[in-house]
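The figures that follow rest on heavy atoms only: side chains count, while hydrogens, waters and symmetry mates do not.
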Amino acid sequence: MTVGIIFHGIGTPKRPLEQDEAPYWISEDQFRHVLDMIVALPDPNQIRISFDDSNVSDLEIGLPELSARGLVADFFVLTGRIGQAGSLDAPDIQTLQQQGMTIGTHGVDHLNWANLPADKLHHELTASRATLEEICGQAVTTAGIPFGAYNAAVLKALRQVGYTCAYSSDCGKMDPNAFLRPRASVQGKMTNADFRALIAGHLSVKRKLRRFIGMTRKRLT
């Protein structure tokens, strides 16, 4: 099994933050510390690293630190932010790709996909992919679900338009061959013990039960 972790923003934000976004920004020292913990593992490849929200810190801070440690990651891009202040632009995305990183979609706008009508959801999934495929020159088949918000309709729509996997925020360990792959977010308030638990994919019995019930419910509703 694999553990998926999500970084959102690193260092000082260069754009206005959305409501409730600030806790998901971490310092550069925290970022480097988590990466060092990963490379110290017997098998660092058991950790699937990803970045959501396409902040410019992905390129300016994330890429050099990943490359220095021989790590790779998935970058889920909000295409509606491409070229905006504080966000990745098209050459930035191409640089990430050229350095061996995987580019996936996070949608056009930062929206809760589970709340969208079918036509708007279809637009989020297909328009964002079309933009990224034009930039990258290759197929884009992975999606990072905004806010981890999904239901049966979202999963069905992702499959119908040709995505091969989707990453949620359900925490715990993932099956790297499954369509739906849980991840957990790194947050600025976390302690070293929290980071260790995150990387281990550790969940208490109660949290495992809640996760199972929650994922089952979301798949069915």
Side chain to side chain contact (heavy atoms under 4.5 Å, CB included) against K156, all qualifying residues, sequence neighbours excluded
Q160
Can you tell me how the ring of F31 sits relative to the ring of F51, calling it parallel under 30°, perpendicular over 60° and tilted otherwise?
perpendicular
Search all heavy atoms of P64 against all heavy atoms of E60 and return the closest pair with its distance.
CG-O, 3.5 Å
Candidate pair T79 and T131, rule side-chain hydrogen bond (donor to acceptor under 3.5 Å, both in side chains), full reasoning
CA-CA 7 Å; T79 58; T131 298; 4.7 Å; no
Do other residues, nucleotides or ligands put more than 12 heavy atoms under 6.0 Å from E21 CD?
yes
For a quick test of reading the model, state the closest non-hydrogen atom pair linking D170 to Y150 and the distance between them.
OD2-OH, 2.8 Å
Do M190 and L198 touch side chain to side chain, with heavy atoms closer than 4.5 Å?
yes
NE2/H33: more than 12 non-hydrogen atoms of other groups inside 6.0 Å
yes
Judged by atom type as modelled, is there a donor-acceptor pair below 3.5 Å linking the side chain of S50 to the main-chain atoms of I5?
yes
Looking only at atom types and distance, does a side-chain atom of R181 sit under 3.5 Å from a main-chain N or O of Y167, one as donor and one as acceptor?
no
Report yes if the side chains of Q99 and L66 come closer than 4.5 Å at any heavy-atom pair, otherwise no.
no
Tell me, do S169 and I145 make a side-chain contact under 4.5 Å, heavy atoms counted?
no
Under 3.5 Å, side chain of N55 to main-chain N/O of I10, donor-acceptor pair present?
no
Considering all heavy atoms of both residues, which atom of I82 and which atom of A90 are nearest to each other, and what is their separation?
CG2-N, 3.8 Å
Using a cut-off of 6.0 Å, state whether more than 12 heavy atoms not belonging to Y24 lie near its atom OH.
no
Contact summary for P182 and K173, nearest pair of heavy atoms
CG-O, 4.1 Å
What is the minimum heavy-atom distance between W113 and A143, and which atoms define it?
CH2-CB, 4.2 Å
Begin with the C-alpha distance, continue with both residues' side-chain angles, and end with the deciding distance and a verdict on side-chain hydrogen bond (donor to acceptor under 3.5 Å, both in side chains) for T95 and D92.
CA-CA 5 Å; T95 296; D92 295 337; 5.5 Å; no
Which residues pass the salt bridge (charged side-chain N to carboxylate O under 4.0 Å, His left out) test with E133, sequence neighbours left out?
none
Quick one: side chain to side chain contact (heavy atoms under 4.5 Å, CB included) partners of A22, sequence neighbours excluded?
L17
Would you please name every residue forming a side-chain hydrogen bond (donor to acceptor under 3.5 Å, both in side chains) with D58, sequence neighbours left out?
none
Side-chain heavy atoms of V56 within contact of R15, under 4.5 Å:
no
Just wondering, do R69 and R32 contact through their side chains at under 4.5 Å, heavy atoms?
yes
Can you name the residues that form a ring pair (Phe, Tyr, Trp, His ring centres under 6.0 Å) with H110, not counting sequence neighbours?
H106, F147
Side chains of V72 and T102: does their closest heavy-atom pair fall under 4.5 Å?
no
Quiz: residues 114-124 side-chain donor-acceptor pairs under 3.5 angstrom, not counting sequence neighbours:
unit_1, atom_1, unit_2, atom_2, d
E124, OE1, V108, N, 2.7
E124, OE1, D109, N, 3.2
E124, OE2, D109, N, 3.4

Side chains of H8 and S185, heavy atoms from C-beta outward: is any pair under 4.5 Å?
yes
Minimum heavy-atom separation for L132 to G104, with atom names?
CD1-O, 3.5 Å
Where the side chain of E28 meets the backbone of I61, is there a donor-acceptor pair that is under 3.5 Å apart?
no
Say whether, by atom type as modelled, one donor and one acceptor occur between the side chain of S54 and the main chain of L88 under 3.5 angstrom.
no
Honestly curious: do V154 and V140 fall in one hydrophobic cluster under the side-chain, below-4.5 Å linking rule?
no
